[in-house]
Amino acid sequence: MRQIRFKARAKKTKEWVEGYYATIHAPRYGGENELIGFDKFPAIFNDEPGYPDFGHWTDIYPQTLCQQTDMEDADGIKIWENDILRLSPFGKPESQYTGDVVWMQTCFAVEDDRGHHEPLSTLRNHCKIEVIGNRYDEG
């Protein structure tokens, strides 16, 4: 079974962070350190090598959450949900188009500007795929 990884924008730095998604329940204290409840906030746990203490939690903007597809583009760049792709059909480079990676109940698909969906796994057999951005990139 594959481990599902996500990326999202960190609230503190606005940089992309990758890892495992969870909702953290942090204690909230009132006067005299009395526990008065819990705050919930979305976070990514990053366990990549090189991080202190073998990983850390990062508070994120939940609307920027993107699931990894386990596929790469022609240049070896990971493809994530909400990525913007340039697709060039093999043998027909003049038919190049762009689309967004979306989740369609059972698979990742590419949605073109007309709202047409094609499974990403099918497209990689018929097109050169390049990641050219993400819906939540700044700028």
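Only heavy atoms go into these numbers, but all of them, side chains included; no hydrogens, no water, no symmetry mates. From a predicted model like this one, the values you see are computed outputs, not experimental measurements.
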Side chain to side chain donor-acceptor pair (under 3.5 Å) partners of Thr58, counting only residues at least two apart: His56
Side chains of Lys7 and Gln68: does their closest heavy-atom pair fall under 4.5 Å? no
Let me confirm one number: the CZ-CH2 distance from Phe108 to Trp80, rounded to the nearest 0.5 Å. 9.5 Å
Roughly how far apart are Phe45 CZ and Trp57 CH2, rounded to 0.5 Å? 6.5 Å
Sub-4.5 Å side-chain heavy-atom contact between Thr69 and Gln67: no
With side chain to side chain contact (heavy atoms under 4.5 Å, CB included) as the criterion, how do Phe41 and Ile60 come out once you've worked through the C-alpha distance, each side chain's angles and the decisive distance to 0.1 Å? CA-CA 8 Å; Phe41 62 92; Ile60 61 164; over 6 Å; no
Which pairs would a plain distance check flag for residues 33-40, meaning a side-chain donor or acceptor within less than 3.5 Å of a matching protein atom at least two apart in sequence or in another chain?
unit_1	atom_1	unit_2	atom_2	d
Asp39	OD1	Arg28	NE	2.8
Asp39	OD1	Arg28	NH2	3.2
Asp39	OD2	Arg28	NE	3.4

With side chain to side chain contact (heavy atoms under 4.5 Å, CB included) as the test, would you mind laying out the steps for Tyr61 and Lys11 before giving the verdict? CA-CA 6 Å; Tyr61 291 105; Lys11 281 193 173 180; 3.9 Å; yes
Closest non-hydrogen atoms of His117 and Ala109, given as atom of the first, atom of the second and distance, are CB-CB, 4.3 Å
For a quick test of reading the model, state the closest non-hydrogen atom pair linking Ile24 to Ala43 and the distance between them. CG1-CB, 3.7 Å
Assess, by modelled atom type and distance only, whether the side chains of Asn82 and Asn134 contain a donor and an acceptor separated by less than 3.5 Å. no
Tell me, with the steps shown, if Tyr20 and Ile44 meet side chain to side chain contact (heavy atoms under 4.5 Å, CB included). CA-CA 5 Å; Tyr20 303 100; Ile44 294 279; over 6 Å; no
If we ignore angles and hydrogens, is there a donor and acceptor under 3.5 Å between the side chains of Arg9 and Tyr136? no
When the side chains of residues 88-101 are checked against the rest of the protein, which donor-acceptor pairs come out under 3.5 Å, sequence neighbours left out?
unit_1	atom_1	unit_2	atom_2	d
Ser88	OG	Gln96	OE1	3.1

Please check if Ile79 and Ile77 belong to a single hydrophobic cluster, counting links between Ile, Leu, Val, Met, Phe, Trp and Tyr side chain heavy atoms closer than 4.5 Å. yes
Please answer: with hydrophobic residues joined when any side-chain heavy atoms are less than 4.5 Å apart, are Trp103 and Leu85 in the same cluster? yes
Sequence neighbours excluded, the answer for side chain to side chain contact (heavy atoms under 4.5 Å, CB included) partners of Thr106 is none
Salt bridge (charged side-chain N to carboxylate O under 4.0 Å, His left out) partners of residues 103-122, not counting sequence neighbours, each pair once: Asp112-Arg114
Single-linkage hydrophobic cluster Ile84~Val110, side-chain heavy atoms < 4.5 angstrom: no
Sequence neighbours left out, cut at 3.5 Å: what donor-acceptor pairs do the side chains of residues 119-132 make with other protein atoms?
unit_1	atom_1	unit_2	atom_2	d
Asn125	ND2	Ser121	O	3.3

So, the side chain of Thr13 versus the backbone of Ala10: is there a donor-acceptor pair under 3.5 Å, distance only? no
Nearest-0.5 Å distance that lies between atom OH in Tyr21 and atom CG in Leu65: 6.0 Å
